[in-house]
Amino acid sequence: MIETPEEQLMRKGTMTKSPFKMTFEEEKEWQIQKQKEAKAYLFSIGQPLVYKKDGVMIAEYADGRIVPVH
């Protein structure tokens, strides 16, 4: 069996440290940053951020509106 090195499984990007080598705190900060970047990207293309909150699907818009998704 041929094993693929973990470095080849990761896509190239702007990360300076592998997630496999991050401390818990570093990984938590990385996750928060990824969420912020995804939200900013969606808003930049005119799309809402859709997620589940308290069991209800909601859409959050760039103008601050939060509406339930039916």
Side-chain angles (χ1 to χ4, degrees):
M1 179 201 287
I2 298 174
E3 200 169 308
T4 304
E6 68 183 41
E7 291 82 16
Q8 291 181 4
L9 298 175
M10 303 299 290
R11 292 190 313 181
K12 298 288 183 194
T14 59
M15 293 184 67
T16 57
K17 190 173 190 179
S18 167
F20 299 109
K21 297 176 182 173
M22 289 182 183
T23 65
F24 177 76
E25 292 79 17
E26 289 171 326
E27 185 173 351
K28 188 174 179 180
E29 182 60 34
W30 175 57
Q31 292 290 339
I32 291 168
Q33 187 60 35
K34 284 188 347 182
Q35 291 171 359
K36 288 178 182 178
E37 289 171 4
K39 186 176 183 178
Y41 173 72
L42 287 170
F43 289 172
S44 76
I45 62 170
Q47 297 295 309
L49 175 64
V50 179
Y51 54 93
K52 194 176 221 179
K53 183 176 182 180
D54 300 326
V56 178
M57 292 297 292
I58 62 170
E60 182 178 341
Y61 292 87
D63 64 6
R65 288 181 297 136
I66 297 178
V67 297
V69 177
H70 301 282

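Sequential numbering from 1 along the given sequence is applied to the chain's residues. Computed from a predicted structure; not experimentally measured.
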Could you note down all residue pairs passing salt bridge (charged side-chain N to carboxylate O under 4.0 Å, His left out) where residues 41-50 supplies at least one of them, sequence neighbours left out?
none
Within a 6.0 Å radius of atom NZ on K17, are there more than 12 heavy atoms belonging to other residues, nucleotides or ligands?
yes
Give a yes/no verdict on a cation-pi contact between K34 and W30, requiring under 6.0 Å between NZ or CZ and the six-membered ring centre and an angle within 45° of the axis.
yes
For Q33, the side-chain hydrogen bond (donor to acceptor under 3.5 Å, both in side chains) test, sequence neighbours excluded, returns E37
Kindly list each side-chain donor-acceptor pair under 3.5 angstrom involving residues 44-59, sequence neighbours excluded, with atom names and distances?
{"unit_1": "S44", "atom_1": "OG", "unit_2": "Y41", "atom_2": "O", "d": "2.6"}
{"unit_1": "Y51", "atom_1": "OH", "unit_2": "E60", "atom_2": "OE1", "d": "2.8"}

Looking only at non-hydrogen atoms, find the nearest pair between M22 and E26 and report the distance.
CA-OE1, 3.3 Å
For the atom pair NZ (K36) and CD1 (I32), what is the distance rounded to the nearest 0.5 Å?
7.0 Å
